Amino acid sequence: SCINLIDDLKALDNALASRPVIESQKRVKIDSLYQAAAISNMAYDAYYWLYKEYRSYNYDTALIYVDFMERVAAPGQLPEGEVCRAFVYLSGGLFKEASDILSSWRERHMDVVDRKLLFTYRTMYARLQWDMADNAGGKIGEHYNKIGLETNDQIIQSLSTQDTVYYWYALAITDLREGNYARSIARCKVSLEASPASIHEQAVTASTLAYLYRLTNEPEKALHYYIEAAICDILSSTYETVALRNVAELLFEAGETDLADRYIHIAMHDAQRYHARHRQVDIAQSLPIIEEKMLGRIRRQQFVTLSLLVVVVVLLLIGIVGIAVLVRQNKAIASAREAISHMNTSLTEANKLKEQLLGTLR
């Protein structure tokens, strides 16, 4: 599993490294849509396609194109425009504003829209209820969760196994919200392996599967699927995302503080870039914990380095003192040798003088 994790992280880093190229391709696509919009006689459609490019890419610009859509919309296009606005609000963390639109939408448009738009509406309405349930918790959270489940049941009833990706994912979400994690995992895998599915849909399903593995205390599998979701988000230029933050949290729990710190900062940058307020708040809760651990480790490293430096300085001082003692001893030895040599010379001269005197006396 260690080898798999290394491969997963390498793939994630490669995807992050390829972001400039992906961004360039994104800009080319957006520029072509701008040019098409300038000459199109169907302004609503042109603005809609620009909204789709921006809806998970940049909150503020997506909202601008929703404004443009609603200004030029024919009466039959207004329900879709309202759903688009609600999506942007929901992605930006404005739950009340999204709820106001979606609640009144159900009363005004439910019976007049086509099956595709109704599916989109129900999917978004269920997501809104579950996001509010997760944020509220307690009895209020249970109330929102129940509404989300009822809406999801309507989605399931409107689908068939021919809608494989959506059908199995909807079933998996019901299992998840009801606490049947094992069956939810199995159904998520069926949805993930089914085709066709967009890269963004793969990211959503992989992220859900990772969340389930986290709930069932299987962090290695959770990390694998969060990395898969994060890679899909990068490839689809999706900045309204939670996958990379969860990668950072799981790496932190595994003791990989350096990697966790790197990825949590990238996740915060992405949330700030999109202007997802609730994502920034969520990341802000994890960021100080990871940074504190990093600072603690840096302090420990500094303490060890300082301790080693003190030891080196002490040893250096001992060495200097030792050298000074040796130099002094060498000087004393040299002086003693010089004195001995001088004494030997004096004795030699004295012996010569003694022999001369004895010779004279004879």
Side-chain angles (χ1 to χ4, degrees), residues 1-21 219-220 222-224 226-227 230-231 234 244-272 283-362:
S1 61
C2 180
I3 295 174
N4 291 336
L5 176 58
I6 291 170
D7 290 343
D8 286 344
L9 290 172
K10 185 176 180 181
L12 176 56
D13 285 339
N14 288 339
L16 286 167
S18 68
R19 258 189 169 173
V21 175
E220 290 183 358
L223 185 54
H224 168 77
Y226 273 134
I227 289 173
I231 291 171
I234 293 164
L244 199 57
R245 183 198 87 205
N246 286 302
V247 168
E249 289 178 354
L250 283 170
L251 286 170
F252 176 73
E253 290 169 11
E256 297 289 344
T257 314
D258 286 340
L259 283 172
D261 186 67
R262 178 175 173 239
Y263 292 136
I264 199 73
H265 278 91
I266 295 173
M268 177 60 90
H269 178 267
D270 290 352
Q272 289 171 340
I283 294 169
Q285 293 174 351
S286 301
L287 190 59
I289 299 169
I290 294 174
E291 288 193 330
E292 181 60 31
K293 187 76 177 280
M294 279 285 292
L295 287 171
R297 201 180 71 176
I298 291 168
R299 290 191 195 103
R300 288 193 297 273
Q301 289 174 341
Q302 289 175 336
F303 177 76
V304 171
T305 303
L306 185 61
S307 300
L308 289 172
L309 184 61
V310 169
V311 170
V312 169
V313 169
V314 169
L315 291 173
L316 186 61
L317 289 173
I318 291 171
I320 291 170
V321 171
I323 290 169
V325 170
L326 285 173
V327 168
R328 186 176 295 176
Q329 287 177 344
N330 286 336
K331 284 182 178 179
I333 290 168
S335 180
R337 284 175 178 170
E338 187 178 347
I340 291 169
S341 176
H342 182 70
M343 287 175 63
N344 287 335
T345 302
S346 298
L347 287 170
T348 301
E349 290 176 354
N351 284 333
K352 286 181 180 179
L353 183 60
K354 180 181 176 183
E355 288 175 357
Q356 288 175 357
L357 287 172
L358 288 173
T360 305
L361 291 171
R362 287 176 186 164

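Small disclaimer: the values here were computed from a predicted structure and weren't measured. In what follows, every heavy atom counts, from backbone to side chain, and hydrogens, waters and symmetry copies are set aside.
Rounded to the nearest 0.5 Å, atoms CZ (R262) and CG (D13) are 4.5 Å apart. Here the CG atom belonging to L223 is positioned 6.5 Å from the CG atom belonging to L9, to the nearest 0.5 angstrom. Taking CG of L259 as the reference point, atom CG of L250 lies at 12.5 Å (rounded to 0.5 Å). Atoms CD1 and CG, from I323 and N330 in turn, are 11.5 Å apart once rounded to the nearest 0.5 Å. Here Q272 contributes atom CD and D270 contributes atom CG; the two are 9.5 Å apart, rounded to the nearest 0.5 Å.
Here the side chains of L12 and D8 are not in contact, with every heavy-atom distance at 4.5 Å or above.
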- Decide yes or no on side chain to side chain contact (heavy atoms under 4.5 Å, CB included) for I266 and L244, but give the supporting numbers first. CA-CA 8 Å; I266 295 173; L244 199 57; 3.5 Å; yes
- Query: Checking side chain to side chain contact (heavy atoms under 4.5 Å, CB included) for the pair L251/I264: CA distance, chi angles, key distance, verdict?
  - Reply: CA-CA 10 Å; L251 286 170; I264 199 73; over 6 Å; no
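In this structure, a donor-acceptor pair under 3.5 Å is absent between the side chains of N246 and Y263.
Under the 3.5 Å distance criterion, the side-chain polar atoms of H265 are matched with a main-chain donor or acceptor of D261.
Contact detail for A260 and A248: the closest heavy-atom pair is CB-O, 3.3 Å.
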